[in-house]
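Here's the structure we're looking at; comments come further down.
Here, residue 1 is the first one in the sequence, and each next residue gets the next number. Side chains included, hydrogens not; waters and symmetry mates left out as well; all remaining heavy atoms used.
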Amino acid sequence: QVQLVESGGALVQAGASLRLSCAASGSTWSMRVMGWFRQSPGKEREFVAATSYNGGGTDFADSVKDRFTIRRDIAGDKVLLLMSNLKPEDTATYYCAVRVTPSTTTWRDESSWEFWGQGTQVTVSS
């Protein structure tokens, strides 16, 4: 089991930057991929970004790839989502997630992620 706790969500104005953090605990040795999803009211949860836990690569949704960065802190078992030039459409609850099972399923497939945090709210005002 892996427990995930997100932090860093806030109310900001458009154009601002924000850093989300996700701290993992428990069986962190089993983590293979760490990532972020988000969900806006009335919409399905969507993939935002992911990184291999051991440095095998990253992936970003097209809507954020030029504005968001994902970084892992192996020593601290954390993954950070660095967001810049935020837009009102980035408003959502952001969820941290972890994959532990080896799989060829795309990281963008929500169903392939085993552990989830409770989410942190990001609100971007225009």
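Minimum interatomic distance between Ala24 and Leu4 (heavy atoms only, all atoms of both residues): CB-CD2, 3.7 Å. The two residues Ala14 and Ser126 make their nearest non-hydrogen contact at CB-CA, 4.4 Å. Residues Ala50 and Trp107 come closest through the heavy atom pair CB-CE3, 3.5 Å.
From Glu89, atom CD reaches atom OG of Ser63 across 8.5 Å, with rounding to the nearest 0.5 Å. One distance of note links CZ of Arg71 with NZ of Lys78; it measures 14.5 Å at 0.5 Å rounding. Rounded to the nearest 0.5 Å, atoms CD (Gln1) and OG (Ser30) are 9.0 Å apart. If you take OG1 on Thr123 and CD on Gln13, they are separated by 13.0 Å, rounding to the nearest 0.5 Å.
One hydrophobic cluster, built from ILVMFWY side chains closer than 4.5 Å, holds both Ile70 and Leu86. Tyr94 and Val124 fall within the same hydrophobic cluster, where Ile, Leu, Val, Met, Phe, Trp and Tyr residues are linked whenever their side-chain heavy atoms come under 4.5 Å apart, directly or through other members.
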Go through Glu114 and Thr101 one step at a time and tell me if the side chain to side chain contact (heavy atoms under 4.5 Å, CB included) criterion holds. CA-CA 8 Å; Glu114 290 100 335; Thr101 302; 2.5 Å; yes
Side chain to side chain contact (heavy atoms under 4.5 Å, CB included) between Asp73 and Val79, intermediate numbers included: CA-CA 6 Å; Asp73 175 2; Val79 63; over 6 Å; no
Start with the C-alpha gap between Val64 and Met83, add the side-chain angles, then the distance that decides, and say whether side chain to side chain contact (heavy atoms under 4.5 Å, CB included) holds. CA-CA 8 Å; Val64 308; Met83 306 184 291; over 6 Å; no
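Val122 places a side-chain heavy atom less than 4.5 Å from the side chain of Leu20. Inter-residue side-chain proximity for Val98 and Val33 is flagged as unmet; no heavy-atom pair is nearer than 4.5 Å. With contacts defined as side-chain heavy-atom distances shorter than 4.5 Å, the pair Ser52/Arg32 does not qualify. Looking at Leu82 and Phe68, their side chains never come closer than 4.5 Å, going by heavy atoms from C-beta outward. Counting only heavy atoms from C-beta outward, the side chains of Val48 and Leu81 approach each other to under 4.5 Å. Counting heavy atoms from C-beta on, the side chains of Asp59 and Lys65 never come closer than 4.5 Å.
Judged by distance alone, with hydrogens and angles left aside, the side-chain atoms of Thr120 form no donor-acceptor pair with the main-chain N or O of Tyr95 at under 3.5 Å. Between the Arg67 side chain and the Asn85 main chain, a donor and an acceptor come within less than 3.5 Å of each other. Here the side chain of Glu6 pairs a donor or acceptor atom with the backbone of Cys96 at under 3.5 angstrom. A distance-only check finds no donor-acceptor pair linking the side chain of Thr28 to the backbone of Ser25 [under 3.5 Å]. Arg38 places no side-chain N or O within 3.5 Å of a backbone atom of Ala92 that could act as its donor or acceptor partner. At least one donor-acceptor pair closer than 3.5 Å links the side chain of Arg108 to the backbone N or O of Phe60. Side chain of Asp109 to backbone of Thr106: no donor-acceptor contact under 3.5 angstrom is found.
Results of the side chain to side chain donor-acceptor pair (under 3.5 Å) test with Thr93 over Arg45, Gln121, Gln39 single out Gln121 as the only residue that passes.
Between the side chains of Ser112 and Arg99, at least one donor-acceptor pair of N or O atoms lies under 3.5 Å.
For residues 27-53, the ring pair (Phe, Tyr, Trp, His ring centres under 6.0 Å) pairs, not counting sequence neighbours, are Phe37-Phe47, Phe37-Trp113, Phe37-Trp116.
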